[in-house]
There are 2 protein chains.
Amino acid sequence: MGVMTETYSPAQTVEMSGFSLDTLRYYERIGLIEPVRRAAGGHRRYSDDDLGWLDMLRCLRGTGMPIAQMHTFAELVRDGDDTIADRLALLEEHDANVEAEMTRLIELQRKVRDKIAYYRGALAELPVECVRD
Amino acid sequence: MGVMTETYSPAQTVEMSGFSLDTLRYYERIGLIEPVRRAAGGHRRYSDDDLGWLDMLRCLRGTGMPIAQMHTFAELVRDGDDTIADRLALLEEHDANVEAEMTRLIELQRKVRDKIAYYRGALAELPVECVRD
DNA sequence: GTGGGATCTGGAGCGCGCTCCAGGTCAAGC
DNA sequence: GCTTGACCTGGAGCGCGCTCCAGATCCCAC
């Protein structure tokens, strides 16, 4: 009795991965995902491995990695274990980019909040003529 | 002797605002910036006020506000002082969005770093066969 | 007054990342 | 068997935010 590997329909995969059906097919088309196993009739059956990889893509995409770079990463994964150092380097660089982006965001958010504070002040100062009754 | 208000050429404004020349003109075209004062020959002369507004746009745009919403904000500004509460509300909502975005980023960055840690481990475990000399 | 760089205008084009569509096939319930 | 809905493929379309281009004008230095 071999271990039965779970498989998932496209609809289930949409549900579980958070990607749209079109995006799943798109990613497969452009080679971000290896060709997905098919059931007899040609319908896709995603594996747990596929789901894991999709989760990886979600992390990378969700942190702003461009598709071209995800593609590079996918190729490294495909090329086997002796690309691990390269993958690590790529992820570390990405992590640095994310960090920089967050720093930038924090900086600008601070300025937005200054503006908010300014408007709060302005609002407190001039309601003299606003309420009439 | 009236106070001479400074004005800036397009090139200077590019330099100071961080927006490209094309973007400056684009923003003006779509109404994100009020029509900029012109010198005799038709060349733009940006004012300190313009610069201030551009800085505002840079904050909003840089924190991911869509142009449509910046447009809404610009209209509120144009409509005068009794829109201050609305502007405040808009900025506060935006601030909340930025906050949510940062939370999302932090969460995903954590996962990316987990992957990095995983690869570091993998790298430490299998270099047995890698170095041969 | 002439050359060369900055600027002007209106409009077309582009890069990214999907998203949608048409026209057909597959699969499960009645 | 038939219906209905999920799924298939290849390719076109789109929304956003710029970016580029052509052809003309302006302005400053020499």
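By convention in this document, chain letters (A, B, ...) are assigned in the order of the sequence lines, proteins followed by strands, and residues within each chain are numbered from 1.
- The existence of a salt bridge linking A:Lys111 and A:Asp114 is excluded, since no basic side-chain nitrogen approaches an acidic carboxylate oxygen closer than 4.0 Å.
- As judged by a 4.0 angstrom heavy-atom cut-off over every strand, B:Arg29 is placed among the base-contacting residues.
- A:Phe73 and A:Trp53 have parallel rings, their planes meeting at less than 30° on a 0 to 90° scale where 60° marks the start of perpendicular.
- Proximity of B:Thr23 to the phosphate of D:dG17: no side-chain N or O atom is located under 4.0 Å from OP1 or OP2.
- If you check every strand for non-hydrogen atoms under 4.0 Å, B:Tyr27 touches sugar and phosphate atoms only.
- Residue-to-nucleotide proximity on DNA chain D shows that, of B:Gly42 and B:Met65, the 5′-proximal contact is made by B:Met65.
- With DNA chain C read from its 5' end, the first of the two nearest nucleotides for B:His43 and A:His43 is the one closest to B:His43.
- Judged by closest nucleotide on DNA chain D, B:Arg61 is the one of B:Arg61 and B:Gly41 placed further toward the 5' end.
- Proximity note for B:Tyr26 (side chain, C-beta onward) versus D:dC27, D:dT19, C:dC8: the nearest is D:dT19.
- Each of A:Asp22 and B:Pro10 has a nearest nucleotide on DNA chain C; the 5'-most of these lies closest to B:Pro10.
- We find the OG1-CG distance between A:Thr7 and A:Asp48 to be 9.0 Å, quoted to the nearest 0.5 Å.
- The residue B:Arg45 sits apart from the nucleic acid: no heavy atom pair falls under 4.0 Å.
- Side-chain proximity of B:Ile67 to the nucleotides C:dT9, D:dC27, D:dG17 is greatest for D:dG17.
- Here the closest non-hydrogen pair linking A:Pro10 and A:Leu24 is O-CD1, 4.4 Å.
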